[in-house]
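As the structure lists them, so they are numbered: ligands from 1, and atoms in each ligand from 1. What you see is a predicted model; the values in this text were computed from it and never measured.
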Amino acid sequence: MEVGFLGLGIMGKAMSMNLLRHGFKVTVWNRTLSKSHELVEHGASVAETPAEVVRKCKYTIAMLSDPSAALSVVFGKDGILEQICAGKSYVDMSTVDADTSSKINEAIKERGGYFLEAPVSGSKKPAEDGQLVILAAGEKALYEEVIPAFNVMGKKSFYLGQVGNGAKMKLVVNMIMGSMMNAFSEGLVLAGRSGLEPSVLLDVLDLGGIANPMFRLKGPTMIQGSHSPAFPLKHQQKDMRLALALGDETATSMPVAAAANEAFKKARSMGLGDLDFSAVYETVKTLEEPSRNSQLR
Ligand SMILES: NC(=O)C1=CN([C@@H]2O[C@H](COP(=O)(O)OP(=O)(O)OC[C@H]3O[C@@H](n4cnc5c(N)ncnc54)[C@H](OP(=O)(O)O)[C@@H]3O)[C@@H](O)[C@H]2O)C=CC1
Ligand SMILES: O=CC(=O)O
């Protein structure tokens, strides 16, 4: 199967590498050309524009940062719309909102093409290991056609119905994850400030009913103050923002998510946006400092 792949960031690089490893013929495009070099060493071809990828490939997959990137690659100069036509398909795996996905779907359908949204749950390591959870929605026939590619990139694919449902499911999941990360960060800080050993807290958590892979994976590095990016904090904040907008639309009160979003915004304002989203821990530590200092004075 020949596929195009747009966006070779943390996720796109790992996902396209998996496709190559499993025998897919892959043509890649990335805004910053240098990121395609490693893929080329592993057998990928490079295209100069998203339009060129679509011209060459029946199926084009995208993994881009946010709604504005997703829209510009479709609607911009040399974008997807310039070449999409009957018999060609576009699968956007970026995390965006339902409105963005719907705009893309309508434009592609107008030109006779097929569209599937398919955001993923799982981070850098699951992407490298082909263990993502794929949340697809849109053209059912296309979903069935691209299952071989999904099976390489993920451990489980869900088909969720009409376009928008994949985006919504992903935003709900990441809203929960971002809120959990904030509670976890506060717990680690609280433990330390209470004279407890944060590493022991990790052991206690891991044996109880709220044990989870995220605490297990991120806890030890967070304690060390190391936040090498697997899931960049700026993207987690984008997801909180989009989830809160979904909450606005559906009149869903989400005070916990709103507070978590503020913490991620604070972290971005501190210049931590390109670090892992676990860096919100540093914000919690900093926010605690003033009252702590005044107590010490
Ligand atoms: N990292 C993770 O753990 C996960 C991320 N996601 C989601 O996947 C998507 C990608 O994430 P990730 O790989 O981590 O992000 P990165 O920041 O590592 O990569 C973003 C990609 O988008 C491209 N891009 C950004 N803006 C534009 C633009 N205006 N036009 C064209 N290309 C653009 C970048 O190109 P360039 O190299 O030129 O900057 C890069 O290829 C996001 O939507 C994220 O929320 C979902 C699950 C897990
Ligand atoms: O979107 C991030 C993830 O880990 O899933």
Please identify which atoms of ligand 1 are closer than 4.0 Å to at least one heavy atom of K238.
-> 42 (C), 43 (O), 44 (C), 45 (O)
If the plane angle is over 60° it's perpendicular, under 30° parallel, otherwise tilted; pick one for F184 and F215.
-> parallel
Would one find an N or O of H235, backbone or side chain, under 3.5 Å from an N or O of ligand 1?
-> yes
Are Y114 and E145 close enough that a side-chain donor and a side-chain acceptor fall under 3.5 Å?
-> no
Taking only non-hydrogen atoms of S72 and a 4.0 Å limit, the atoms of ligand 1 in range are 29 (N), 30 (N)
With heavy atoms and a 4.0 Å threshold, my read on which part of M93 contacts ligand 1 is neither
Donor-acceptor pair, side chain of S16 and main chain of G12, under 3.5 angstrom = yes
Determine yes or no for a side-chain-to-main-chain donor-acceptor pair under 3.5 angstrom, with Y159 supplying the side chain and G138 the backbone.
-> yes
Check ligand 1 against A69 and write out every atom of the ligand that is under 4.0 Å from a heavy-atom position of the residue.
-> 25 (C), 26 (N), 27 (C), 28 (C), 29 (N), 33 (C)
A230: numbered ligand 1 atoms lying under 4.0 Å from its heavy atoms = 1 (N), 2 (C), 3 (O)
Return the residue, atom name and 0.1 Å-rounded distance of the protein heavy atom closest to atom 28 (C) of ligand 1.
-> R31 NH1, 3.4 Å
Might you work through the side chain to side chain donor-acceptor pair (under 3.5 Å) test for N261 and K265, ending with a clear yes or no?
-> CA-CA 6 Å; N261 185 43; K265 279 161 61 182; 6.0 Å; no
Test item: side-chain donor near acceptor, T32 and S34, under 3.5 Å = no
Hey, are T283 and K266 close enough side-chain-wise for a donor-acceptor pair under 3.5 Å?
-> no
Could you say whether the N/O atoms of L64 and ligand 1 ever approach to under 3.5 Å?
-> yes
Going by the order shown, which atoms of ligand 2 are within less than 4.0 Å of some heavy atom of F231?
-> 1 (O), 2 (C)
Is Y90 linked to F5 within one hydrophobic cluster, defined over Ile, Leu, Val, Met, Phe, Trp and Tyr using a side-chain heavy-atom separation of less than 4.5 Å?
-> no
Of the side chain and backbone of N174, name the one, both, or neither that has a heavy atom under 4.0 Å from an atom of ligand 2.
-> side chain
Side chain, backbone, both or neither: the part of N30 lying under 4.0 Å from ligand 1 by heavy atom = side chain
Any N/O pair V120/ligand 1 closer than 3.5 Å = no
Please answer whether the main-chain N or O of A230 pairs with a side-chain N or O of D276 as donor and acceptor at a distance below 3.5 Å.
-> yes
Do any N/O atoms on M63 end up under 3.5 angstrom from N/O atoms on ligand 1?
-> no
Nearest to atom 3 (O) of ligand 1, what protein heavy atom do you find, and at what distance?
-> S123 OG, 2.6 Å
For the pair D66 and K238, find out whether any cationic side-chain nitrogen is under 4.0 Å from an anionic carboxylate oxygen.
-> no
Could you tell me whether some N/O pair between K170 and ligand 1 is separated by less than 3.5 angstrom?
-> no
Who's closest to atom 1 (O) of ligand 2 heavy-atom-wise, of K170, M177, K124?
-> K170
At a 4.0 Å threshold, what atoms of ligand 1 neighbour a non-hydrogen atom of G7?
-> 41 (O)
Interfacing atoms of ligand 1 (cut-off 4.0 Å, heavy-atom, P232) = 1 (N), 14 (O)
For atom 13 (O) of ligand 1, what is the nearest protein heavy atom, given as residue, atom name and distance?
-> M11 N, 2.8 Å
Between S68 and ligand 1, which residue portion shows a heavy-atom distance shorter than 4.0 Å: side chain, backbone, both, or neither?
-> neither
Between T32 and ligand 1, is there a nitrogen or oxygen pair with a distance under 3.5 Å?
-> yes
Heavy-atom contacts with K35 under 4.0 Å: which atoms of ligand 1 show up? List them by number with element.
-> 36 (P), 37 (O), 39 (O)
Could you tell me whether E2 and K58 have a side-chain N and a carboxylate O separated by less than 4.0 Å?
-> no
May I ask you to decide if V120's main-chain N or O and K170's side chain share a donor-acceptor pair within less than 3.5 Å?
-> yes
Which residue owns the protein heavy atom closest to atom 19 (O) of ligand 1, what's the atom, and how far is it?
-> G9 CA, 3.4 Å
Look at atom 25 (C) of ligand 1 and say which protein heavy atom is nearest, naming residue and atom and giving the distance to 0.1 Å.
-> S65 OG, 3.0 Å
Co-membership, hydrophobic cluster, residues V91 and W29, 4.5 Å side-chain = no
Check each atom of ligand 2 against the heavy atoms of S121 and keep those under 4.0 Å away; list them by number with element.
-> 5 (O)
Is G122 close to ligand 1, meaning an N/O of one under 3.5 Å from an N/O of the other?
-> no
Spacing of CG belonging to D203 relative to CD belonging to E197, to within rounding of 0.5 Å = 10.0 Å
Sub-3.5 Å N/O-N/O distance, L8 and ligand 1 = yes
Going only through I, L, V, M, F, W and Y residues with side-chain contacts under 4.5 Å, is there a path from F231 to V284?
-> yes
Considering only non-hydrogen protein atoms, determine which one is nearest to atom 18 (O) of ligand 1 and report residue, atom name and distance to 0.1 Å.
-> I10 N, 2.9 Å
May I ask you to list the atoms of ligand 1 that are less than 4.0 angstrom from any heavy atom of V73?
-> 31 (C)
Within a distance under 4.0 Å of any heavy atom of G122, pick out the atoms of ligand 2 and give their elements.
-> 3 (C), 4 (O), 5 (O)
Any idea which of V133, L33, T95, D92 brings a heavy atom closest to atom 7 (C) of ligand 1?
-> T95
D97 and T100: side chain to side chain donor-acceptor pair (under 3.5 Å), yes or no, with the steps?
-> CA-CA 6 Å; D97 55 315; T100 298; 2.5 Å; yes
Between K285 and E282, does at least one N-O distance fall below 4.0 Å, as a salt bridge requires?
-> yes
Just by distance, with hydrogens left out, do R55 and Q83 show a side-chain donor and acceptor under 3.5 Å apart?
-> no
